[in-house]
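In what follows, a single structure is set out as structure tokens and then discussed.
Counting convention: from 1, in listed order, for ligands and their atoms alike.
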Amino acid sequence: MSTALHVTDAADPRLADYTALTDVALRRRKEPAEGLFMAEGEKVIRRALQAGYPMRSMLLTPRWADAMRDVIDASAAPVYLVDPETAERVTGYHVHRGALAAMGRTPLPAAADLLASARRLAVLEAVNDHTNVGAVFRGAAALGLDGVLLSPDCADPLYRRSVKVSMGAVFSLPYARLDHWPHSLRDVTDAGFRLLALTPDAHARDIAEVAAETRTERVALMLGAEGDGLTPRALAAADTRVRIPMSHGIDSLNVAAAAAVAFYAVTHTS
Ligand SMILES: C[S@@+](CC[C@H](N)C(=O)[O-])C[C@H]1O[C@@H](n2cnc3c(N)ncnc32)[C@H](O)[C@@H]1O
């Protein structure tokens, strides 16, 4: 059981994990290297704990101390109580949900383990926007995919924004990094997955048609970043290029929207 400690000085070194959270470049560099990530808000903190992530400390505004009483009582991690103004000075932004927790990372599963057990996977190439990564995870979890494989340059699913947008799906859906891009895509096809490349290219096949063909197969759906989309090397590694037909002169969907349509097609086509 931990004791809640009142802290009034925003420069208190015990709050160092929470400083400068708006500095995206710093967090990108610092979080994975130090094995930390931020969980924001009561629900997200509870989901992270349920998923087995160890809590290093918690920063609460006083009105959240009661709501989080059971968490405080069950944890040995220090809990710092700060008023909302101090919280804002420490983090650099308004802490809307009044509760932040510095959580320790746990080792990711190996891609080989995910490939051995999954039937439906998403593969993301260079999706470097944290909001999009979070939204893809939310859709993948909601629509029944078994996991996500990330190219080495994809944004961090445990970055604060990704966690928030995913509604905690980054904790429940297993994911792994593919170490060698695009060579590791061979591991996906060697594991028996049909690798579908999602592209708005008019020459690609309609996703509905291909989804009907792949009902009994293991399928991996590969998506690219805003801007350029999938690289030629990733497209070349795929078994089949598939597209979601577009209307009204719109050339493409946002990657998370395209992902949700494709996930639905391969999980709900009978
Ligand atoms: C904004 S799009 C990138 C657009 C880029 N100009 C291209 O040609 O791929 C981001 C990702 O969403 C997916 N996507 C978007 N619209 C799609 C569509 N109509 N059909 C299939 N995939 C689509 C693709 O995986 C794409 O790499």
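For the 3.5 Å distance criterion, the side chains of T199 and R241 fail to qualify, holding no donor opposite an acceptor. With no hydrogens or angles considered, a side-chain donor-acceptor pair links N132 and N254 at under 3.5 Å. In summary, the side chains of R120 and T267 do not present any donor paired with an acceptor at a separation below 3.5 Å, with no hydrogens or angles considered. Judged by distance alone, the side chains of W64 and E42 never bring a donor and an acceptor atom under 3.5 Å apart. Using a 3.5 Å distance cut-off with no hydrogens or angles, the side chains of T269 and Y264 do not pair a donor with an acceptor.
Of the N or O atoms in A225, none lie within a sub-3.5 Å distance of an N or O in ligand 1. Ligand 1 has no nitrogen or oxygen under 3.5 angstrom from a nitrogen or oxygen of L223. In terms of N/O distances under 3.5 Å, ligand 1 is not approached by M222.
Using a 4.5 Å heavy-atom threshold, the side chains of R205 and E213 count as touching.
Separation of atoms CG (L100) and CZ (R160) is listed at 7.0 Å; rounding is to 0.5 Å. Note that CG of L124 and CZ of F137 are 7.0 Å apart. Values are rounded to the nearest 0.5 Å. To the nearest 0.5 Å, atoms OG (S252) and CG (D201) are separated by 12.0 Å.
The protein atom (non-hydrogen) at minimum distance from atom 8 (O) of ligand 1 is P200 CG, 3.7 Å. When hydrogens are left out, the protein atom nearest atom 11 (C) of ligand 1 is G224 O, 3.3 Å; that is the closest non-hydrogen contact. Atom 12 (O) of ligand 1 has its closest protein heavy atom at V255 CA, 3.5 Å. Scanning the protein for heavy atoms near atom 15 (C) of ligand 1, the closest one is L253 O, 3.1 Å. For atom 19 (N) of ligand 1, the nearest protein heavy atom (residue, atom name, distance) is I244 O, 2.9 Å. Closest to atom 24 (C) of ligand 1 among all protein heavy atoms lies L198 O, 3.1 Å.
The T199 neighbourhood of ligand 1 comprises atoms 20 (N), 21 (C), 22 (N), with distances under 4.0 Å to a heavy atom of that residue. When each atom of ligand 1 is checked for a heavy atom of A258 under 4.0 Å away, the hits are 12 (O), 13 (C), 14 (N), 15 (C), 23 (C). Heavy-atom contacts of L230 reach the following atoms of ligand 1: 27 (O) (cutoff under 4.0 Å). Atoms of ligand 1 found under 4.0 Å from any heavy atom of M246 (numbered from 1 in listed order, with element): 19 (N).
Summarising the contacts of atom 5 (C) of ligand 1 with G227, S252, A256, the nearest heavy atom is found in G227.
A salt bridge is absent between R177 and D153; no separation between the charged side-chain nitrogens and carboxylate oxygens falls under 4.0 Å.
A heavy-atom separation below 4.0 Å is not found between A204 and ligand 1. Distances from ligand 1 to the non-hydrogen atoms of A262 include no value under 4.0 Å.
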